[in-house]
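Both counts, for ligands and for their atoms, begin at 1 and track the order of listing.
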Amino acid sequence: MVNNAGVNNEKDWEKTINVNLTSVIRGTYIGLEHMSKKNGGQGGVIINISSLAGLTPAAYQPVYSASKHGVIGFTRSIAALASIGNYGVRINTVCPAFVDTPLLETIEKEENMGEFYQYKDKLKDMMKCYGVLDPSLIAKGMVSLIEDESSNGAVMKITTSRGIHFEDFGAHQTTKI
Ligand SMILES: NC(=O)C1=CN([C@@H]2O[C@H](COP(=O)(O)OP(=O)(O)OC[C@H]3O[C@@H](n4cnc5c(N)ncnc54)[C@H](O)[C@@H]3O)[C@@H](O)[C@H]2O)C=CC1
Ligand SMILES: CC/C=C\C[C@H](O)C(=O)/C=C/C=C/C=C\C=C\[C@@H](O)C/C=C\CCC(=O)O
């Protein structure tokens, strides 16, 4: 199961939270209800789509970034639970940088960018600097996650400079305290 739907809308930012985060949580719970071996399901893989903006600050997309940070926190947590509870379901996050899809056109619209519309050229400069990925590379990353039985909870990043790779949260998968 892939929870992929997403919007970039800083003007209607509640919608961004609803679509990008609330729906991912709801979708994951529905998926687990059907897939978890605890419920008589056959197991499987759930992939939740976040973004590189879920790992770094995004100055002109603060709520988009918050929603994507939320996806990572929720997914890593529920993946840990799935492992402890022997659900037989692996759950992962994928964080692409810019990808060549209609989503990128939203930066040209005041109705999406709201007060951050004035910074649209800065976002375009970022795209020029970091490049724009072909969607096929995201599909390739997802297939490799589905095939890799050892990576429950892992956060995959996909960038033009480093290709498909993983965020390193350290051996204990947590922060220093
Ligand atoms: N394009 C990019 O640069 C990047 C995109 N992403 C994420 O990838 C995912 C896919 O986005 P893209 O294909 O790039 O954008 P897109 O705009 O081409 O596709 C988004 C899809 O979400 C669906 N959607 C939006 N609101 C919905 C709703 N309320 N109910 C059901 N479906 C809804 C749309 O119908 C559309 O099919 C999103 O979660 C996005 O945040 C992550 C990183 C980079
Ligand atoms: C603008 C349209 C809406 C969303 C696009 C997408 O979801 C998004 O947020 C894309 C972000 C792309 C970021 C690209 C580069 C970012 C660079 C640095 O800030 C990241 C720094 C470190 C990552 C290093 C790595 O592990 O590769």
Side-chain angles (χ1 to χ4, degrees), residues 1-31 45-76 78 91-146 151 154-170 173 175:
M1 173 190 200
V2 180
N3 289 306
N4 174 64
V7 294
N8 172 45
N9 196 324
E10 293 295 325
K11 195 163 190 173
D12 187 353
W13 58 261
E14 287 98 339
K15 177 178 177 179
T16 297
I17 296 290
N18 282 335
V19 177
N20 294 8
L21 180 57
T22 308
S23 304
V24 168
I25 295 170
R26 185 169 291 124
T28 303
Y29 281 144
I30 293 170
V45 183
I46 299 176
I47 296 177
N48 290 335
I49 305 299
S50 177
S51 161
L52 216 56
L55 288 163
T56 64
Y60 320 119
Q61 299 170 278
V63 175
Y64 182 86
S65 176
S67 70
K68 296 299 189 178
H69 273 76
V71 169
I72 294 173
F74 170 74
T75 306
R76 292 182 69 213
I78 210 74
I91 314 173
N92 290 98
T93 326
V94 173
C95 299
F98 297 112
V99 190
D100 188 9
T101 73
L103 193 80
L104 296 188
E105 293 160 20
T106 59
I107 68 168
E108 300 284 358
K109 296 177 186 159
E110 193 279 334
E111 71 197 65
N112 285 82
M113 294 297 286
E115 63 180 293
F116 307 109
Y117 179 71
Q118 59 183 306
Y119 299 113
K120 71 180 166 71
D121 289 336
K122 291 197 180 291
L123 276 168
K124 284 187 188 170
D125 289 345
M126 282 178 70
M127 287 180 210
K128 277 190 201 133
C129 175
Y130 292 110
V132 176
L133 297 157
D134 190 273
S136 61
L137 192 61
I138 318 306
K140 190 176 169 191
M142 289 198 281
V143 169
S144 76
L145 274 178
I146 291 164
S151 62
V155 176
M156 177 178 279
K157 297 190 284 187
I158 308 179
T159 61
T160 53
S161 56
R162 295 176 62 192
I164 296 169
H165 59 293
F166 289 91
E167 179 72 346
D168 182 6
F169 290 102
Q173 292 292 302
T175 191

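Using a 4.5 Å cut-off on side-chain heavy atoms (C-beta onward), Leu21 and Ile25 make contact. A 4.5 Å side-chain heavy-atom check between Met113 and Leu123 finds at least one atom pair inside the cut-off. The side-chain heavy atoms of Ile138 and Leu133, taken from C-beta on, include a pair separated by under 4.5 Å. Counting heavy atoms from C-beta outward, Ile164 and Leu137 have side chains that approach closer than 4.5 Å. The closest side-chain heavy-atom distance from Ser151 to Met156 is not below 4.5 Å. Using a 4.5 Å heavy-atom cutoff, the side chains of Phe116 and Pro62 are in contact.
Side-chain contact of Asn20 with Ser67: a donor-acceptor pair under 3.5 Å is present, judged by distance alone.
With ligand atoms numbered from 1 in the order given, ligand 2 contributes 3 (C), 4 (C) to contacts under 4.0 Å with heavy atoms of Leu103. Applying the 4.0 Å criterion to heavy atoms of Phe98 picks out, from ligand 1, the atoms 3 (O). Heavy-atom proximity to Pro102, at under 4.0 Å, picks out these atoms of ligand 1: 18 (O). Residue Val19 has at least one heavy-atom neighbour below 4.0 Å for each of these atoms of ligand 1: 26 (N), 29 (N). Taking every non-hydrogen atom of Leu104 and a distance limit under 4.0 Å, the qualifying atoms of ligand 1 come out as 3 (O). Listed by atom number, the atoms of ligand 1 under 4.0 Å from Gly6 heavy atoms are 20 (C), 22 (O), 25 (C), 38 (C), 39 (O). In summary, the atoms of ligand 1 found under 4.0 Å from a heavy atom of Thr101, numbered by their order in the structure, are 1 (N), 12 (P), 13 (O), 14 (O), 15 (O), 18 (O). Against a heavy-atom cut-off of under 4.0 Å, Val7 is close to the following atoms of ligand 1: 25 (C), 26 (N). Near Lys68, the atoms of ligand 1 lying under 4.0 angstrom from a non-hydrogen atom of the residue are 38 (C), 39 (O), 40 (C), 41 (O). Heavy-atom contacts of Ala97 reach the following atoms of ligand 2: 10 (C), 12 (C), 14 (C) (cutoff under 4.0 Å). Per-residue contacts place Arg162 under 4.0 angstrom from the following atoms of ligand 2 (heavy atoms of the residue considered): 25 (C), 26 (O), 27 (O).
Atom NZ of Lys157 sits about 9.5 Å away from atom OG1 of Thr56, to the nearest 0.5 Å. For the atom pair Lys68 NZ and Leu52 CG, the distance stands at 12.0 Å (nearest 0.5 Å). Note that CD of Glu115 and NZ of Lys11 are 10.5 Å apart. Values are rounded to the nearest 0.5 Å. Between atom CZ of residue Phe98 and atom CG of residue Leu104 there is a gap of 7.5 Å, rounded to the nearest 0.5 Å.
Taking atom 2 (C) of ligand 1 as the reference point, the nearest protein heavy-atom neighbour is Val99 N, 3.5 Å. The nearest heavy-atom contact from the protein to atom 7 (C) of ligand 1 is Ile49 CG2, 3.7 Å. In terms of protein heavy atoms, atom 9 (O) of ligand 2 is closest to Ser51 OG, 3.0 Å. When only non-hydrogen protein atoms are considered, atom 5 (C) of ligand 1 lies nearest to Leu103 CD2, 3.6 Å. In this structure, the protein non-hydrogen atom closest to atom 23 (C) of ligand 2 is Leu52 CD2, 4.3 Å. Nearest protein heavy-atom contact of atom 18 (C) of ligand 2 is Tyr130 OH, 3.8 Å. Protein heavy atom closest to atom 43 (C) of ligand 1, with residue, atom name and distance, is Pro96 O, 3.3 Å. Protein heavy atom at the shortest distance from atom 22 (C) of ligand 2 is Thr56 CG2, 4.4 Å. Counting only heavy atoms of the protein, atom 30 (N) of ligand 1 lies nearest to Ala5 CB, 4.9 Å. Among all protein heavy atoms, the one lying closest to atom 6 (N) of ligand 1 is Tyr64 OH, 3.7 Å. With hydrogens left out, the protein atom closest to atom 38 (C) of ligand 1 is Asn4 O, 3.1 Å, a heavy atom. Annotation: atom 1 (C) of ligand 2 to nearest protein heavy atom, Ile107 CG2, 3.3 Å.
Under the 4.0 Å distance rule, the nearest protein heavy atom to atom 18 (O) of ligand 1 falls inside the cut-off. The presence of a protein heavy atom under 4.0 Å from atom 34 (C) of ligand 1 is ruled out. Distances from atom 41 (O) of ligand 1 to the protein include at least one heavy-atom value under 4.0 Å. Shown here, atom 9 (C) of ligand 1 is in close reach of the protein: a heavy atom of it lies under 4.0 Å off. Distance check on atom 15 (O) of ligand 1: some protein heavy atom falls below the 4.0 Å cut-off.
Scanning both residues, Ser50 and Pro96, for their nearest heavy atoms gives O-CD, 3.8 Å. In this structure, Ser136 and Asp134 approach most closely via the heavy-atom pair OG-OD1, 2.7 Å.
A side chain to side chain donor-acceptor pair (under 3.5 Å) with Asn48 is found for exactly one of Asn92, Thr93, Thr75, namely Thr75. For the side chain to side chain contact (heavy atoms under 4.5 Å, CB included) test with Asn3, the passing option among Val71, Ile46, Ile49 is Ile46; the others fail. Among the candidates Asn9, Asn112, Asn8, the single residue satisfying the side chain to side chain donor-acceptor pair (under 3.5 Å) test with Thr106 is Asn8.
The backbone of Ala97, and not its side chain, has at least one atom closer than 4.0 Å to an atom of ligand 1 (non-hydrogen atoms only; backbone = N, CA, C, O).
The shell of residues lying under 4.0 angstrom from ligand 1, judged by heavy atoms, excludes Cys95. Residue contacts with ligand 2 include Gln61, since one of its heavy atoms falls under 4.0 Å from the ligand. Using 4.0 Å as the threshold, Tyr64 has a heavy atom nearer than that to some atom of ligand 2. Heavy-atom distances between Ser50 and ligand 1 reach below 4.0 Å in at least one pair.
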Exercise. Hey, mind stepping through Glu14 and Val63 against side-chain contact (heavy atoms from CB on, under 4.5 Å) and telling me if it holds?
Worked result: CA-CA 9 Å; Glu14 287 98 339; Val63 175; over 6 Å; no
Exercise. Does the pair Glu108 and Lys124 meet the rule for a salt bridge (Lys or Arg N to Asp or Glu O under 4.0 Å), with working shown?
Worked result: CA-CA 10 Å; Glu108 300 284 358; Lys124 284 187 188 170; 2.8 Å; yes
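Considering backbone and side-chain atoms together, His165 places an N or O closer than 3.5 Å to an N or O of ligand 2. Geometrically, ligand 1 and Leu52 share no nitrogen or oxygen pair separated by less than 3.5 Å. Residue Asn20 has no nitrogen or oxygen atom sitting less than 3.5 Å from a nitrogen or oxygen atom of ligand 1, judged on distance alone.
Counting heavy atoms only, Lys157 comes closest to atom 26 (O) of ligand 2 of the residues Glu167, Lys157, Glu10.
At most 12 non-hydrogen atoms from other residues, nucleotides or ligands lie less than 6.0 angstrom from OH of Tyr119.
Looking at Glu10, its side chain does come within 3.5 Å of a backbone N or O of Tyr64 through a donor-acceptor pair.
Aromatic ring orientation, Tyr29 versus Phe74: perpendicular (interplanar angle above 60°, classes split at 30° and 60°).
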